Participant: 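Pasting in a structure now, in structure tokens, and then I'll have a few things to ask.
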Amino acid sequence: MFRLTRTDTGHPFGLHPAMIVAGVFLLAYPWFASDFFVFQIGAYSLILGTIGLSLMMLAGYGGMVSLAQLTVAGVAGYMMAILGENSMGVMGLGWPWWLTVIASILTAALFSAFIGAIAVRTEGIYTIMITLAIAVAFFYFVRQNYALFNGFTGYAGIEPPTLLGVYWRDATPFYYLTLVVSGFFFFAVTYGARSTFGLSLQAIRDNPRRMRALGYDVTLHRVAAYFLSGLIAGTAGVLLVWFNGRISPGSVGIDVAIDILVIAVVGGMRRPIGPYLGAIAFVLLENFAIDLIDRERFNTVIGLAFLLVVLFSPDGLLGLWNRFKTKIRLPHAVSTKDGRETRGDRNSPGSLEQSP
Amino acid sequence: MRSFIERHTFWAIVIGLMLAVGLWMIFAVWPDWLVDAIGRKKTFVNTLLNGITLGGLYFLVASGFTLVFGLMRNVNLAHGSMYLLGAYIGYEVADASGSWFLGLAVAFLSVAASGVLLQVLIFRRMEGDDLRQTLVTIGISIVAADIMLAIWTGTTYQFQPPEWLFGAATLPIVSVLKSSGDAVFVKYPVYRLAVLAAAVGVGIGLWLFLNRTRIGMMIRAGVNDREMLAASGVNVQLVFALVFAIGAGLAGFAGVVGGTALSIAPGEDIRYLLASLVVVIVGGLGSVSGAAIGALLIGLAEQFGLAYFPTYGVVLTFLIMVVVLAVRPQGIMGGR
């Protein structure tokens, strides 16, 4: 048998100690952080990270780099405003909140599957072009359509429900809400990657022709991957529209869509933790770059950071960390060289070796 | 042509009929029922001409994009930025020297030079890694858009084309007959017709260059098989740099031409990037004739969408892309 992923990390429940520390930190975070840090930094990073996760899943496991993930999230956000309530006096069908949420997420996932159905007819570099075209077209469409999307102004006044006596847009409850959602998807993707479906998807990424010859329906697997990533992006989209309270064409603009790509690439697209690291770096930079440079030139900074990462460390911050780890470990522990750091690395021979 | 009619008789008849109806709609005086159904003839003819000239502009932008892709398998997502850069440089030069044509030439040359720099400094270092090259172009377009915003701010600029390109031409197309029996002819801006002429000229020029010159032959050979071309002793890197120069230069050229027909403002880079993307997806990546067909289709779709269903115009463009991808994933003229 070929061994594609390693589950025997030697830690209880397969959890790395660093993950336990991170988990405790994330849970305890609101106890010592101010509301600004909990809401604007913590919750926002988690939401962006989750959208990035949906891209990471498609790109890292499926080999399909989609630039339309933010568009999918935007569809969910717009559906929240259209089906639920908003303060603009346009649409706002007033469905109960739980039905609105379910319908929005499902619509987004179906839209994502539709994008997938269009994009998977071609391969590789074409995917990025087609999804970019879809993202830009969606932006122009919502901007010029007033009947459904309220055009340039968009919608405002979209709020989470008050449930169990808690107003869910308050900093701490909202942070925990995003943490639960992100945690759920993080583990779903981590463990899903080892499921039959996850493994077939990775095999299709590595060699679609062989998988087709083995009798797998390559197209169906890919479209299903788009659907699942749409569920993730759609849920994050609902959280994002609750976070902002409003949605407009600017929220689904091409620069924001590219930010998601930047987040995933800077963090690293090999493992689910990558996008979250990227999102934290991005949000911190966005909030504190003012102190270093002119606020107006934020895009130059983010663009240059992205360029540097793509040019010098194609697998992002995770790749830098791994290389650093290998470097300090190499002198005294050569025997562990094929250990965890090569896990998920599709180019390394270690990931395809035969198990003993 | 004959073989096409013999092989696809049905489609040849359909296309022939559509052409006949189209010509009749352009040249005949419309009967009342047609005016009642789809509005005045003037609107229709103007929309048609706008669509064709916009298609010409899109062709100028997309031909460079598709040429670069065809040879280097490199999707240059900074192509829109090159368009905008060309427009700004052209504007500065034209404003300072007072000569529109000098602005056009400088825009072409300087953007071509920036394309060569990009190819030599960046793409050559990551040859064969398509995805990374594409990501780099995204990074470049982010930085370029921001720097251009810093230099030229958010103001909208408007070119002054030369005198003789100003004004309107009367076309030999009757729009309505007055009650007195006099015919009213359709008028159309000369500059827009000049844009169309430029696009046709560039198209023919590219065709001649690719099919009738030695360098063009090398480029075509490189599109088919890059390794074999290199093995037969051609300096492939030089050919790459040249193609990148032409592709980028055409974007800069289109920037001045398009900036004069419409206007220059931040955000135009995304618009023309979208146009190039859709045009080459529809027309087929790497094919110059495909870019021409795609550009015409998208230009017409955009203008007719704008005139007849204003708030759903983009959907029409999008639908064309989806239908083409569903029926012919490689694009109308694309080959695998």
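Only heavy atoms go into these numbers, but all of them, side chains included; no hydrogens, no water, no symmetry mates. Quick note on labels: first sequence line is chain A, next is B, and so on, each numbered from 1. Because the structure is a prediction, the values reported are computed rather than measured.
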Participant: Pull out the residues in residues 291-303 of chain B that come under 4.5 Å of chain A, heavy atom to heavy atom, sorted by number.
Facilitator: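 From residues 291-303 of chain B, none sit under 4.5 Å of chain A.
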Participant: Side chain, backbone, both or neither: which part of B:Val278 has an atom under 4.5 Å from a heavy atom of chain A?
Facilitator: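 Side chain of B:Val278 only, per the 4.5 Å heavy-atom cut-off to chain A.
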Participant: Does the gap between the ring centers of A:Phe141 and B:Phe318 come in under 6.0 Å?
Facilitator: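 A:Phe141 vs B:Phe318: aromatic centres not under 6.0 Å.
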Participant: Would you say B:Phe240 and B:Val236 make side-chain contact, with heavy atoms under 4.5 Å?
Facilitator: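 A side-chain contact exists here, since the closest heavy-atom pair is under 4.5 Å.
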Participant: Let me know which of A:Thr127, A:Val265, A:Leu261, A:Leu58 forms a side chain to side chain contact (heavy atoms under 4.5 Å, CB included) with A:Val65.
Facilitator: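 For A:Val65, the side chain to side chain contact (heavy atoms under 4.5 Å, CB included) check succeeds only for A:Leu261.
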Participant: Could you have a look at A:Ile130, A:Leu148, A:Ile128, A:Ile258 and say which one has the most heavy-atom pairs with chain B under 4.5 angstrom?
Facilitator: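 Heavy-atom pairs under 4.5 Å are most numerous for A:Ile130.
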Participant: Counting heavy atoms not belonging to B:Tyr157, are there more than 12 under 6.0 Å from its OH?
Facilitator: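 Buried by this count: over 12 neighbours within 6.0 Å.
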Participant: Should we say atom CZ of B:Arg220 is surrounded by more than 12 heavy atoms from elsewhere, each under 6.0 Å from it?
Facilitator: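 Atom CZ in B:Arg220 is crowded, with more than 12 foreign heavy atoms closer than 6.0 Å.
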Participant: Given the options B:Leu149, B:Thr317, B:Val280, B:Val143, which has more heavy-atom pairs under 4.5 Å with chain A than any of the others?
Facilitator: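 Counting heavy-atom pairs under 4.5 Å, the top option is B:Val143.
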Participant: Does any heavy atom of chain B fall under 4.5 Å from the side chain of A:Leu308, the backbone, both, or neither of them?
Facilitator: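 For A:Leu308, there is no contact with chain B at all, as no heavy atom is under 4.5 Å.
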Participant: Can you tell me how the ring of A:Phe138 sits relative to the ring of A:Phe111, calling it parallel under 30°, perpendicular over 60° and tilted otherwise?
Facilitator: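 The rings of A:Phe138 and A:Phe111 sit tilted, inter-plane angle from 30° to 60°.
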Participant: Looking at residues at least two apart in the chain, or sitting in another chain, which of them share a salt bridge (charged side-chain N to carboxylate O under 4.0 Å, His left out) with B:Arg132?
Facilitator: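 B:Arg132 satisfies salt bridge (charged side-chain N to carboxylate O under 4.0 Å, His left out) with B:Asp129 only.
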Participant: By a 4.5 Å heavy-atom criterion (distance strictly below it), what part of B:Leu273 contacts chain A: side chain, backbone, both, or neither?
Facilitator: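 When you check distances to chain A, only side chain atoms of B:Leu273 fall under 4.5 Å.
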Participant: Select one option (side chain, backbone, both, neither) describing which atoms of B:Thr134 are under 4.5 Å from chain A's heavy atoms.
Facilitator: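 Contact with chain A: side chain only.
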Participant: Could you tell me which portion of A:Phe306 (side chain, backbone, both or neither) has an atom closer than 4.5 angstrom to a non-hydrogen atom of chain B?
Facilitator: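 Side chain of A:Phe306 only, per the 4.5 Å heavy-atom cut-off to chain B.
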Participant: Counting only heavy atoms closer than 4.5 Å, note whether A:Leu304 contacts chain B via side chain, backbone, both or neither.
Facilitator: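 For A:Leu304, backbone and side chain are both near chain B.
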Participant: Do B:Ile270 and A:Asp255 make a side-chain contact, defined as non-hydrogen atoms from C-beta onward lying under 4.5 Å apart?
Facilitator: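 No, too far: nothing below the 4.5 Å cut-off.
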Participant: Which region of A:Val262, side chain (C-beta onward) or backbone (N, CA, C, O), has a non-hydrogen atom less than 4.5 Å from a non-hydrogen atom of chain B, or is it both or neither?
Facilitator: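 Only the side chain of A:Val262 comes within 4.5 Å of chain B.
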Participant: In sequence, state the C-alpha distance, the side-chain angles, and the governing distance for A:Tyr226 and A:Phe114, and then conclude on ring pair (Phe, Tyr, Trp, His ring centres under 6.0 Å).
Facilitator: CA-CA 8 Å; A:Tyr226 268 98; A:Phe114 172 65; over 10 Å; no
Participant: Please tell me if the side chains of B:Met148 and B:Pro266 come closer than 4.5 Å, counting only heavy atoms from C-beta onward.
Facilitator: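 Side-chain contact under 4.5 Å: no.
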